[in-house]
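The block underneath contains the structure these notes are about, expressed in structure tokens.
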Amino acid sequence: MGLVQEAKPVAFHRDLSMLPKPLSANSLYSSAGDDSKVRISFQGIPGAYSETAALEAYPNCETVPCEHFETAFQAAELWLVDKAVLPIENSVGGSIHRNYDLLLRHRLHIVQEVHLPVNHCLLGVPGVNKEEIKRVLSHPQALDQCVNSLNDLGIQRLSAKDTATAAQTVASSGKKDVGAIASVRAANIYGLDILAENIQDDANNVTRFLILSREPMIPRTDRPYKTSIVFSLEEGPGVLFKALAVFALRSINLSKIESRPQRRRPLRVVDGSNNGSAKSFDYLFYIDFEASMAEIRAQHALGHLQEFTSFIRVLGCYPMDLVR
Ligand SMILES: O=C(O)C(=O)C[C@]1(C(=O)O)C=C[C@@H](O)C=C1
């Protein structure tokens, strides 16, 4: 017997396709890759519109229901989930102000926006007729979006934490005279009948959601991007005009401006010339502009803007949600 034995070939993997694939330069930057492991927190329970928005952005993601928006933010900050989703404005009800405040209070970055058409349904326990419904439960925003239709039907409005919780409450109560305003998805999950579809007052009812992440998205110029910022201004005549001019001068379109009182420092004392000092509210301005931070004109605009601001923060730079 020879000292050196010939080594037998070892079969590490019978199926070579099971071996991990080497990363390519593309996979480092691809956002449309495998989203099956992405966990996204949302406020509400399964069937809420926020969950639908998360699934719209990441069809294979795992959604994580949270009792409050704060919890949804904290879940992302504490690495329990990868991202959080947040409704920010609605085409009928306007801005969701509390959620603007949350963006500032937390350190998450906007990485995507989703415009979700919201078609509200009137739901009831199985076998009930629309005429039997005397009261409806839903999220206050959803109730506001259907106020005229509900008045026409003579139905009283009661608020719930979110639309899906409203559906769940109606299902578990078994009451025939109580309905819920929620989605088709919520009706299927909680076993309710759809008594009427599209009952919102405005046929084009769209809610804009933001997807938030611990890491910012690297801005690029390969497609139209939007940038969201928040700032407060120095005192003086025409300062807001000058602040907005930095975008106009560079042909940068603004798609949104929102002002909110500064919570920590609501009043500022302004020196009046002869008549003493005046008190005035101090505001934060939230602006969305249509440019990427990878563009020189956007960088120059923000540099210029800093001449007039006492505080500025970029909340995120992300691809615009385009009509498909
Ligand atoms: O209650 C839900 O299902 C939500 O996702 C919340 C919410 C909102 O806050 O505006 C989202 C979309 C609709 O506009 C109504 C309610």
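Just so you know, residue 1 is the first one in the sequence shown, and it goes up from there. Order of appearance sets the numbers: ligands from 1, and atoms from 1 within every ligand.
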Open item on the list: Taking the six-membered ring for Trp, are H120 and Y49 closer than 6.0 Å centroid to centroid?
Closed with: yes

Task: Residue pairs passing the side-chain hydrogen bond (donor to acceptor under 3.5 Å, both in side chains) test where at least one lies in residues 181-196, sequence neighbours excluded - done: E51-R185

TODO: Kindly tell me which protein residues have any non-hydrogen atom under 4.0 angstrom away from an atom of ligand 1, grouped by chain and ordered by number?
DONE: A48, Y49, S50, P87, N90, I96, H139, Q141, Q145, D162, T163, T207, F209

Open item on the list: Once rounded to the nearest 0.5 Å, what's the spacing between atom CD1 of I211 and atom CG of D82?
Closed with: 11.5 Å

Task: Residues forming a ring-ring contact (aromatic ring centres under 6.0 Å, His included) with F285, sequence neighbours excluded - done: F231

Open item on the list: For a salt bridge (Lys or Arg N to Asp or Glu O under 4.0 Å) check, start with the C-alpha distance between E113 and K226, then their side-chain angles and the critical distance, and finish with the verdict.
Closed with: CA-CA 9 Å; E113 64 172 356; K226 211 182 247 185; 2.9 Å; yes

Task: All side chain to side chain contact (heavy atoms under 4.5 Å, CB included) counterparts of K256, not counting sequence neighbours - done: E89, S95, Y100, E258, D288

